[in-house]
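What you see is a predicted model, and the numbers here were worked out from it, not measured in a lab. Lettering of chains follows the sequences in order, A, B, ..., and the numbering in each one begins at 1.
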2 protein chains.
Amino acid sequence: MVTTSAADRRQQAKEEYDAFLERCPSRQVLEMITNKWVCLVVSALAPGPSRHSDLARTIAGVSQKMLTQTLRRLERDGLVTRRVTAQVPVRVDYGLTPLGHDFAAVVGQVKRWAEGHINEIHDARRSYDARG
Amino acid sequence: MVTTSAADRRQQAKEEYDAFLERCPSRQVLEMITNKWVCLVVSALAPGPSRHSDLARTIAGVSQKMLTQTLRRLERDGLVTRRVTAQVPVRVDYGLTPLGHDFAAVVGQVKRWAEGHINEIHDARRSYDARG
DNA sequence: CAGCATCCGGATGGATACTG
DNA sequence: CAGTATCCATCCGGATGCTG
């Protein structure tokens, strides 16, 4: 096999693509914003700090697993603070860092846009589905 | 089995949750923004209309399947227009509707935030990983 | 060129049980 | 209460081949 197969070229293209993604600055943040739970957790924390169980209740539908996973991730990225109070049942409070509040503002803008245009989208869907 | 099992209750809770999601206005838009390809396609179309193959090249890494799927979805939601020109190889042009441009602006804000804060996030990650 | 159908591997995420 | 570990169903998305 001397020839470079199409598969090889595709593989190479993929690697270049991945490498490009690694380098691309906005890539990691795209990963953040394109995550349902990240958006919801940040929104839930925007008004003020909250405990693990509070969050679980506020964000109805989130599993305990995903909540913890998301909080860890946000903590690592410097958007969320985690404060442990040593008590008999341990108490853990989560809050937003300044950077986190900044991000919450962005998410809030998306949310506001959503609420302002959801009707147009619904109309578009209905007429699209009506036509087939 | 007269008793309502835990599984039943869980199932019911899930349905209520789903119903809640259905009703929630910002829910569908959250689905939109939390989609990588939606964001990228809208961004790619922001400067002006583009053909299918052009998009495929611009958004390096997108598969043909996901590109078509995403375009259909956006068309249905009234963010994208699809204009077919009858030629020998058919020509199809995609563009943003006013609503689509509006959405592109929101995505652009996210993008700008990303570029402005990616360094802070990287720093946070490094110090987090250093500590363990 | 634009698009559809199919197959399939891997990631996502929910359920459950157990620890401190 | 907060968190970890495990199992497992589902779905996303890529690869491929075919149509007009």
Value rounded to 0.5 Å, distance of CH2 in A:Trp113 from CG in B:Leu99: 4.5 Å
In this structure, how many angstroms lie between the C1' atom of C:dC1 and the NZ atom of B:Lys65, rounded? 20 Å
To the nearest angstrom, the CZ-C1' distance between A:Arg83 and D:dG3 comes to 19 Å
Between B:Ser127 and B:Ala124 (side chain of the first, backbone of the second, donor and acceptor by atom type, cut-off under 3.5 Å), is there such a pair? yes
Tell me whether the side-chain N/O atoms of B:Thr68 come closer than 4.0 Å to OP1 or OP2 in C:dA2. no
Rounded distance (Å) that lies between atom P of D:dG3 and atom CG of A:Leu71: 8 Å
Looking only at side-chain atoms of B:Pro89, point me to the closest of C:dG13, C:dG3, C:dC1. C:dC1
Taken to the nearest whole Å, CG/B:Leu67 to P/C:dG3 is 9 Å
Within less than 4.0 Å of OP1 or OP2 of C:dA15, is there a side-chain N or O belonging to A:Ser63? no
Just to confirm, is there a sub-4.0 Å distance from OP1 or OP2 of D:dG3 to any side-chain nitrogen or oxygen of A:Arg72? yes
To the nearest Å, how far apart are B:Arg73 CZ and D:dC12 C1'? 11 Å
Could you give the CD-to-C1' distance, from B:Gln87 to D:dG20, as a whole number of Å? 15 Å
Would you say D:dG3 has OP1 or OP2 under 4.0 Å from some side-chain N or O of A:Tyr94? yes
Would you say a side-chain N or O of A:Arg51 is under 4.0 Å from OP1 or OP2 of D:dA2? yes
Whether A:Thr34 side chain and B:Lys36 backbone form a donor-acceptor pair below 3.5 Å: no
If you assign each of A:Asn35 and B:Asp93 to its closest nucleotide in DNA chain C, which residue comes earlier from the 5' end? B:Asp93
Taking the side chain as C-beta and beyond, is there a heavy-atom pair between A:Trp37 and A:Ile59 under 4.5 Å? yes
Round to the nearest Å and state the distance from A:Arg91 atom CZ to D:dC1 atom P. 12 Å
Would you classify A:Gln64 as touching base, sugar-phosphate or nothing, given that sugar-phosphate means primed atoms plus P, OP1 and OP2, and contacts are heavy atoms under 4.0 Å? base
From the set C:dC1, D:dG14, D:dG3, return the single nucleotide nearest to any side-chain atom of B:Trp37. D:dG14
Kindly indicate whether the side chain of B:Gln69 and the base of D:dG13 share any N or O donor-acceptor pair separated by less than 3.5 Å? no
Report yes if the side chains of B:Ile33 and B:Phe103 come closer than 4.5 Å at any heavy-atom pair, otherwise no. yes
Find the distance A:Met66:CE to D:dT4:P and express it as a whole number of Å. 14 Å
